[in-house]
Protein chains: 2
Amino acid sequence: MVYRKVFSVRADAQRNRDRIVEVARALFRAKGFEAVSMDEVAKAAEVGPGTLYRHFPTKESLYDAVLEAWAEKVNTAVDRALTLDAPARDRLLKWLTAYASMLTEHKGAAARITAALGDPGSPFAAKCQTYLGANQRIIEALDSALRPGVDAMQISRLVGGVAAVVDNSELPADAAASMLAVVADGLIAS
Amino acid sequence: MVYRKVFSVRADAQRNRDRIVEVARALFRAKGFEAVSMDEVAKAAEVGPGTLYRHFPTKESLYDAVLEAWAEKVNTAVDRALTLDAPARDRLLKWLTAYASMLTEHKGAAARITAALGDPGSPFAAKCQTYLGANQRIIEALDSALRPGVDAMQISRLVGGVAAVVDNSELPADAAASMLAVVADGLIAS
DNA sequence: TGCAAAACGGAGAGCGTCTCCGTATAGTTC
DNA sequence: GAACTATACGGAGACGCTCTCCGTTTTGCA
């Protein structure tokens, strides 16, 4: 008769969506955001461009989906750094290192996420909140050991900047480490 | 009979080149690198796309020409910072501030130049050498006051990272200043 | 099995960088 | 000034990109 029920999600749609994200993750990780075209993702996932764009209206939104689960790692990284039995400076540095390494895990992510930090309209807004919250926890935990006046946004931007440089220039881990050491020492009250 | 002499530069070519650079500088400064198209520059300079591309084979090379004179300011900025009669930390901070402000003078320049720091094949290679040399002068002048092991590349990248974030997020001067203060303190020996 | 909601996919719009090549012009030689 | 050629001009268009429109196919409840 009349069509009453509204479908939840059609099986083929779910399958395609999953395959797209999976394929896109591999491509983005290997070649970076800009070097991967949407046509390329569509072909690799064996769907038409129209299908790809129905699931993800913009390339940015696809990237966001690729980075989805990955933001969850942040809070566990904070925990690990805070439970460390060491001076404040070392706990801070451990967190900064973990944070930077998560940002550089995907080529192009560091600059994008850091640029989105103050923009609530960005597709990455939710991830930014997670990051800011994590840095806030660090500030509250280390508290008096830190330079007065630092806030979560400042730390996020400083580390984001370092991560973006490391990412762009494809620097080795020790170059990143020495820059983060400078930042960590600068953040500790003198 | 036979044509012997080789022309130096034809007058119309020189005129067009100058007008292109002038127009492009205004456009890049106002809208940033990515937001300006080559067609737009060609139209504003009243030349055809072919002419534009003969003078500047890539968009990057046009950007390089726009930034030409500007790199000369660097050395005078170093001088000014070094002749300051103040503690090492203040002289360093003054230089970092000047450096960052030069990098953010043109939208999009900070990330580009910083990314080119280690790449001799980049169109910006000459400018990078100037920058690295300037930071080297700072290191030699402040010497023992600095954290052991810092080099010019490291400082260039740290400030470049901060400048890129400031540029991307269009942050006010005081946000930049507080980040640079962290970097400066981290660079001073504790 | 019938049927409508939902998803599919390809052609193509619109914009970007950059190229090719026929035409126009500057500047030298007589 | 006229002839002549190295040089510069500029527009049409190749190619690749993101993203859209819409006719066709598939899915799954009745």
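Given the structure is predicted, the values throughout are model-derived calculations rather than measurements. Throughout, a chain's letter reflects where its sequence line sits, starting with A, and its residues are numbered from 1.
Using five terminal pairs a side, the axes of the helix from C:dT1-D:dA30 to C:dC30-D:dG1 at its two ends make an angle of 0°, given in steps of 10 degrees.
For A:Thr114, there are no side-chain hydrogen bond (donor to acceptor under 3.5 Å, both in side chains) partners at least two apart in sequence or on another chain. B:Gln129 meets the side-chain hydrogen bond (donor to acceptor under 3.5 Å, both in side chains) test with no other residue; sequence neighbours excluded. By the side chain to side chain contact (heavy atoms under 4.5 Å, CB included) test, A:Thr104 is found to be paired with A:Ala163, A:Val166, A:Asp167, residues two or more places apart in sequence or in another chain being considered. Listed by chain and number, the residues in a side-chain hydrogen bond (donor to acceptor under 3.5 Å, both in side chains) with A:Arg29 amount to none (sequence neighbours excluded). Checked against salt bridge (Lys or Arg N to Asp or Glu O under 4.0 Å), B:Glu34 has the following partners two or more places apart in sequence or in another chain: B:Arg112. Residues passing the side chain to side chain contact (heavy atoms under 4.5 Å, CB included) test with A:Asp18 are A:Gln14, sequence neighbours excluded. Residues passing the side-chain hydrogen bond (donor to acceptor under 3.5 Å, both in side chains) test with B:Ser122: none are found, sequence neighbours excluded.
Whole-Å rounding puts the B:Met38 CE to D:dG11 C1' distance at 16 Å.
No contact: A:Val41 has no heavy atom under 4.0 Å from any strand.
Within the structure, the salt bridge (charged side-chain N to carboxylate O under 4.0 Å, His left out) test picks out the following pairs touching residues 175-186 of chain A (sequence neighbours left out): A:Arg89-A:Asp185, A:Asp185-B:Arg147. Pairs engaging residues 126-138 of chain B under the salt bridge (charged side-chain N to carboxylate O under 4.0 Å, His left out) rule: B:Asp64-B:Lys127, B:Glu68-B:Lys127, B:Asp79-B:Arg137 [sequence neighbours left out].
For DNA chain C, the residues of residues 11-29 of chain A within the heavy-atom distance limit of 4.0 Å (strictly under) are A:Asp12, A:Ala13, A:Asn16, sorted by number. DNA chain D lies under 4.0 Å from at least one heavy atom of each of the following residues of residues 49-68 of chain B: B:Pro49, B:Gly50, B:Thr51, B:Arg54, B:His55.
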